[in-house]
Amino acid sequence: MTQIPIMGDGLPQPLLEMLGAEFEVLPWEDAPDSPALARAEAIIAYGHPPVDGSLMDRAPQLKVISNHGVGVDHIDVAAALQRGIPVGNTPGCLDAATADMTMALMLATARNVVVGDKYARSPEFLHYDPAILIGQEVTGSKLGIIGMGRIGKQVAKRAAGFDMKITYHNRHRDSEAERDYAAEYRSLNELLAESDFVALNCPLTPETTGLISGPQFAIMKSSAILINMARGPVVDPAALFTALSTGQIAAAGIDVTDPEPLPRGHELLTLENLIITPHLGSASNRTRERMMRMTVENLHAGLQGKPLPYSVDK
């Protein structure tokens, strides 16, 4: 059987099994200079490898780029479409899992879960002291959501179960969110000034790059907690360190960083009022299975010259 050559970086065994013997997975090493690109008929963008126009030009047989994930900021979609190469992603399937993780980080930071776990395992924990590690109440607090898209709405749905007062900031008002979750629209500065918790659930775009930096932290409450489930570059890392280390804000929980991963020894890694998880937003068993299946569906469609079932049209 003639195999179809595709490029994919570090594809997990379940995804390789879905692909089957029909495909020859080419090594990604040294891309965009890999000689394997000349043979590749498809790219599976797994783990956010950069895919730009220069790389595409080294792959003259390329028919489709299938992204394992929703965000495509690592793919030059405009360059692909200019070259007639469709780009697919996996929208919708990870909204719930990412919203779950947003709430997990919110609760963990507010209630000192990570610091408490470390203390409970330490030699210092010899008796119960009700005066230590007093956290912030989540129930009834005000949550500001930046990015009221599919994931933002799922966060609002969960926050409603905690009786949180929900405000949001978008490029445009969202009547559905206002109706379904009693969410109130705010300007960015108003949201930052009012919120006990700020959840970033927006895509990375030129407009959102560096959206939260020194001036924005200065507006926030000193008791506020920031949750970043968007992309690392949405938050200025140096400004985040300053805000956390000087008490401009109380704490942060971030699933993404800039760069990602942070260099070992980075100043953010020294902070106890910061929880960092290694990009686990979609890392649930059912969600990852759906993502892989959608990735493969896009791959098959693109190779057959058919419209992608989950196409990125930009």
Side-chain angles (χ1 to χ4, degrees), residues 70-71 91-113 135-205 207-208 211-213 215-231 234-235 240 243 248-256 273-275 277 280-282 284 287:
V70 175
C93 72
L94 50 71
D95 299 348
T98 304
D100 287 351
M101 192 68 186
T102 302
M103 297 303 296
L105 283 175
M106 192 183 305
L107 291 163
T109 50
R111 299 302 301 273
N112 295 305
V113 170
Q136 296 193 41
E137 190 95 0
V138 173
T139 297
S141 294
K142 179 170 283 189
L143 169 63
I145 299 173
I146 299 177
M148 189 62 89
R150 289 189 301 262
I151 295 171
K153 288 185 174 69
Q154 289 289 323
V155 172
K157 179 179 179 181
R158 285 151 179 74
F162 285 84
D163 295 324
M164 300 188 84
K165 302 173 182 67
I166 300 167
T167 62
Y168 76 99
H169 177 73
N170 259 0
R171 286 178 298 175
H172 307 288
R173 294 186 63 157
D174 190 313
S175 58
E176 177 184 309
E178 295 177 12
R179 180 190 69 236
D180 293 347
Y181 309 111
E184 298 181 3
Y185 180 81
R186 294 288 189 271
S187 71
L188 178 61
N189 286 353
E190 288 172 339
L191 181 148
L192 294 171
E194 295 176 8
S195 299
D196 301 306
F197 298 87
V198 174
L200 302 177
N201 297 106
C202 53
L204 179 63
T205 66
E207 292 74 28
T208 62
L211 182 69
I212 306 299
S213 189
Q216 289 71 44
F217 285 120
I219 295 170
M220 295 172 68
K221 297 180 179 180
S222 60
S223 58
I225 292 176
L226 176 73
I227 307 297
N228 186 8
M229 291 296 299
R231 284 286 189 267
V234 174
V235 179
L240 176 62
Q248 277 188 308
I249 65 171
I254 60 176
D255 190 47
V256 287
N273 58 343
L274 173 66
I275 295 176
T277 49
L280 299 179
S282 63
S284 70
T287 293

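Side chains are part of it too, since the values below use all heavy atoms of this structure and drop only hydrogens, waters and symmetry mates.
Looking at K153, M148, M229, R150 one by one, the single match for side-chain contact (heavy atoms from CB on, under 4.5 Å) with N201 turns out to be M229. Partner V155 forms a side-chain contact (heavy atoms from CB on, under 4.5 Å) with one of T102, D100, D95 and no other, that one being T102.
Among all heavy-atom pairs drawn from G140 and K165, the shortest one is O-NZ, 3.0 Å. Between C202 and V234, the shortest heavy-atom contact is SG-CG1, 4.2 Å. Of all non-hydrogen atoms in L204 and T208, the two that sit nearest each other are CA-OG1, 3.3 Å. Nearest heavy atom pair, residue A99 against residue Q154, reads CB-CB, 3.5 Å. Between L143 and S195 the shortest heavy-atom distance is C-OG, 4.2 Å. Heavy-atom minimum distance, N228 versus V235: ND2-CG2, 3.6 Å.
Note that CD1 of I219 and CG of N189 are 3.5 Å apart. Values are rounded to the nearest 0.5 Å. Taken to the nearest 0.5 Å, the NE2 atom of H169 stands 10.0 Å off from the CD atom of E190. Separating the CD1 atom in I227 from the CD1 atom in I146 is a distance of 12.0 Å, to the nearest 0.5 Å. For the atom pair CZ (R231) and CG (D255), the distance works out to 9.5 Å, reported to the nearest 0.5 Å. Taken from NZ in K142 to CE in M164, the straight-line distance is 11.0 Å, to the nearest 0.5 Å. Once rounded to the nearest 0.5 Å, the distance linking CD1 of I166 with CG of L191 reads 11.5 Å.
By the neighbour-count criterion of 12 heavy atoms within 6.0 Å, atom CZ of R111 is sparsely surrounded, having that number or fewer from other residues, nucleotides or ligands. When the shell of 6.0 Å around NZ of K157 is examined, it contains 12 or fewer heavy atoms from other residues, nucleotides or ligands.
Using a 4.5 Å heavy-atom cutoff, the side chains of M101 and T277 are in contact. Taking 4.5 Å as the limit, every side-chain heavy atom of L107 sits out of range of all side-chain heavy atoms of V113. Considering only heavy atoms from C-beta on, E176 stays 4.5 Å or farther from Y181 through its side chain. I225 places none of its side-chain heavy atoms less than 4.5 Å from the side chain of D196. With a 4.5 Å cut-off on side-chain heavy atoms, M106 and F162 do not count as touching. Between D174 and Y185, the closest side-chain pair of non-hydrogen atoms is not below 4.5 Å. L211 places a side-chain heavy atom less than 4.5 Å from the side chain of L188. Residues L226 and L240 meet the side-chain proximity criterion, which asks for heavy atoms closer than 4.5 Å.
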Report the C-alpha distance between I212 and L192 in whole Å, list the side-chain angles of each, state the deciding distance to 0.1 Å, and finish with yes or no for side chain to side chain contact (heavy atoms under 4.5 Å, CB included).
CA-CA 10 Å; I212 306 299; L192 294 171; 4.3 Å; yes
Would you check, one step at a time, whether the test side chain to side chain contact (heavy atoms under 4.5 Å, CB included) holds for Q136 with S141?
CA-CA 9 Å; Q136 296 193 41; S141 294; over 6 Å; no
Give the C-alpha distance, both sets of side-chain angles, the deciding distance and a yes or no for side chain to side chain contact (heavy atoms under 4.5 Å, CB included) between I151 and V70.
CA-CA 11 Å; I151 295 171; V70 175; over 6 Å; no
